[in-house]
Amino acid sequence: MIRPHLPLNALRAFEASARHLSFTRAAIELCVTQAAVSHQVKSLEAQLKVTLFKRLPRGLMLTSEGETLLPVLCESFDRIAQVLDRFEGGHYREVLTVGAVGTFAVGWLLPRLADFQARYPYIDLRLSTNNNRVDVAAEGLDYAIRFGSGAWHGIEAMPLFDAPLSVLCTPQIAAQLRSPADLLQQTLLRSYRAEEWNEWFLAAGMPGTSRPTRTVVFDSSLGMMEAAQQGVGVALAPPSMFERLLASGVIQQPFNVSINTGSYWLTRLQSRAESVAMLAFKAWLASTAMAGQRARQQDPGSAGAGQ
């Protein structure tokens, strides 16, 4: 875009005068004389061939032309100031906006976030959580971390890792579970995907006709696991997202049976070009996820499985 000569000093003088409705107060803000501000505004008016202010005995009043110009200048100067504020210590601080499934954010990302911040101190991460329903474009996200098959229209998806589901419950309830059939006497906690418990029972060698007596449905694994901790029932959730609860003994995994219903993916709009901050986060996420997978393969019992 070819720009005409921009009279920046005159535009600053007008913008400050318009905010204060006073040449005198604008001069104080800009550290120049009142006469200098008045001269710059008159110069701008001459260049544009319009009157921007009505000069009144007790101040200034914007004309319709001045009212048209002011918001454009205010927004432009604010944006320039915001960009300049992001230069720090010889670096430019980039903002990275990421949306993530709440379970992934709390159970996996937050415990590792200090490492990312240490490696990339000049990236400001803005993290929002969801229950796996997200509109990347409408929410203005650079990336979204979601659970599923990886097939989303208009979305480029990079696989992170599988998150198999298994039975998780308090030690008190685990002590009552001698075989998978004992689960039918418990309250079973599940997500909105109704088929998950049936799939788990089949994987555990029980007939598909098995039906629990009581179920409670949750829209997120976080809420489900909070209920499990309080002894409400038995959850079917990914142990890899609740490693701290398993390590502390608050929650146990009574059966070494799991089902795989999907994976976690790093996604972005195909039309969204990746910035330097995005590429850094993508590389860190991929390497950290791979390191975690290797650790689990070397120590398959680390999830705290029981039988």
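Keep in mind that what you see is a predicted model, and the values were worked out from it rather than measured.
Shown here is R126, whose CZ atom has no more than 12 heavy atoms of other residues, nucleotides or ligands within 6.0 Å. Atom CZ of R19 sits in a crowded spot, with more than 12 heavy atoms from other residues, nucleotides or ligands closer than 6.0 Å. When the shell of 6.0 Å around NE2 of H39 is examined, it contains 12 or fewer heavy atoms from other residues, nucleotides or ligands.
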Start with the C-alpha distance between K54 and T63, add both sets of side-chain angles, then the distance that settles side chain to side chain contact (heavy atoms under 4.5 Å, CB included), and finish with yes or no.
CA-CA 6 Å; K54 292 181 180 178; T63 63; 3.9 Å; yes
Before you tell me yes or no, could you show the steps for Q186 and Q176 under side-chain hydrogen bond (donor to acceptor under 3.5 Å, both in side chains), namely the whole-Å CA-CA distance, both residues' side-chain angles and the distance that decides it to 0.1 Å?
CA-CA 10 Å; Q186 300 289 332; Q176 304 171 34; 3.3 Å; yes
W284 vs I123, test: side chain to side chain contact (heavy atoms under 4.5 Å, CB included). Steps then yes/no.
CA-CA 13 Å; W284 172 83; I123 296 178; over 6 Å; no
Check the pair S191 / E196 against side-chain hydrogen bond (donor to acceptor under 3.5 Å, both in side chains), numbers first and verdict last.
CA-CA 8 Å; S191 74; E196 289 177 346; 3.0 Å; yes
Given L11 and L44, is the side chain to side chain contact (heavy atoms under 4.5 Å, CB included) satisfied, shown in steps?
CA-CA 7 Å; L11 291 171; L44 182 62; 3.9 Å; yes
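Between R25 and E29, no side-chain nitrogen of the basic residue sits less than 4.0 Å from a carboxylate oxygen of the acidic one, so the salt-bridge criterion is not met.
Hydrophobic clustering keeps V72 apart from L70 (ILVMFWY residues linked when any side-chain heavy atoms are closer than 4.5 Å, directly or through intermediates). No path of Ile, Leu, Val, Met, Phe, Trp and Tyr side chains, each step under 4.5 Å between heavy atoms, connects L266 with L279, placing them in separate hydrophobic clusters. If you chain together hydrophobic residues whose side chains sit under 4.5 Å apart, Y192 and V234 never meet in one group. Cluster annotation: L127 is connected to I145 through the hydrophobic network of ILVMFWY side chains, with a link wherever side-chain heavy atoms come within less than 4.5 Å. Put simply, L184 and V167 are part of the same group of oily side chains (I, L, V, M, F, W, Y) that touch within less than 4.5 Å, one to the next.
Shown here for M225 and A235, the closest heavy-atom pair between the two residues is SD-CB, 3.7 Å. Residues G262 and N260 approach most closely at O-OD1, 3.0 Å, considering heavy atoms. Nearest heavy atoms, T103 versus S221: OG1-CB, 3.3 Å. Taking both residues in full, the closest heavy atoms of P171 and V250 are given as CD-O, 3.3 Å, listed atom of the first, atom of the second, then distance. Taking every heavy atom of both residues into account, P111 and A105 meet most closely at CD-O, 4.5 Å. The shortest heavy-atom contact between G233 and I173 is O-CD1, 3.9 Å.
In terms of the ring-ring contact (aromatic ring centres under 6.0 Å, His included) criterion, residue partners of F147 (sequence neighbours excluded) are, by chain and number, Y264. For V50, the side-chain contact (heavy atoms from CB on, under 4.5 Å) criterion is met by L48, L52, E65, not counting sequence neighbours.
When hydrophobic residues (I, L, V, M, F, W, Y) are linked wherever their side-chain heavy atoms come within less than 4.5 Å, the members clustered with W265 are V134, V136, L141, W152, I155, L269.
With a 4.5 Å cut-off on side-chain heavy atoms, V37 and S17 count as touching. Within the 4.5 Å cutoff, the side chain of L69 has no heavy atoms near those of the L62 side chain. Counting heavy atoms from C-beta on, the side chains of R55 and L60 come closer than 4.5 Å. Side-chain contact between R244 and V106 is present, with heavy atoms from C-beta onward closer than 4.5 Å. L177 places none of its side-chain heavy atoms less than 4.5 Å from the side chain of Q252. Contact check for R268 versus D142: no side-chain heavy atoms found under the 4.5 Å cut-off. The closest side-chain heavy-atom distance from L222 to F242 is below 4.5 Å. Between L96 and M278, the closest side-chain pair of non-hydrogen atoms falls below 4.5 Å.
Once rounded to the nearest 0.5 Å, the distance linking CD of E94 with OH of Y120 reads 12.0 Å. Atoms CE and CZ, from M241 and F104 in turn, are 6.0 Å apart once rounded to the nearest 0.5 Å. The structure places OH of Y143 at 7.5 Å from CE of M158, a figure rounded to the nearest 0.5 Å. In this structure, the separation between CG on L56 and OG on S22 is 11.5 Å, given to the nearest 0.5 Å. In this structure, CG in L165 is found 5.0 Å from CG in L236, a value given to the nearest 0.5 Å. A distance of 10.5 Å separates CG of D219 from CG of N130, quoted to the nearest 0.5 Å.
In this structure, F14 and F53 have tilted ring planes: the angle between them lies in the 30° to 60° band. Below 30°, between 30° and 60°, or above 60°: for F116 and F281 the angle between ring planes is above 60°, a perpendicular geometry.
Side-chain atoms of S38 do not come within 3.5 Å of backbone N or O of Q34 as any donor-acceptor pair. Between the side chain of R214 and the backbone N or O of L189 there is no donor-acceptor pair closer than 3.5 Å. Using modelled atom types, no side-chain atom of T288 and backbone atom of L285 make a donor-acceptor pair closer than 3.5 Å.
Inspection of the T267 and R146 side chains reveals an N or O donor paired with an N or O acceptor under 3.5 Å.
For the side chain to side chain contact (heavy atoms under 4.5 Å, CB included) with L30, the lone residue among E15, Q40, R12 that qualifies is R12.
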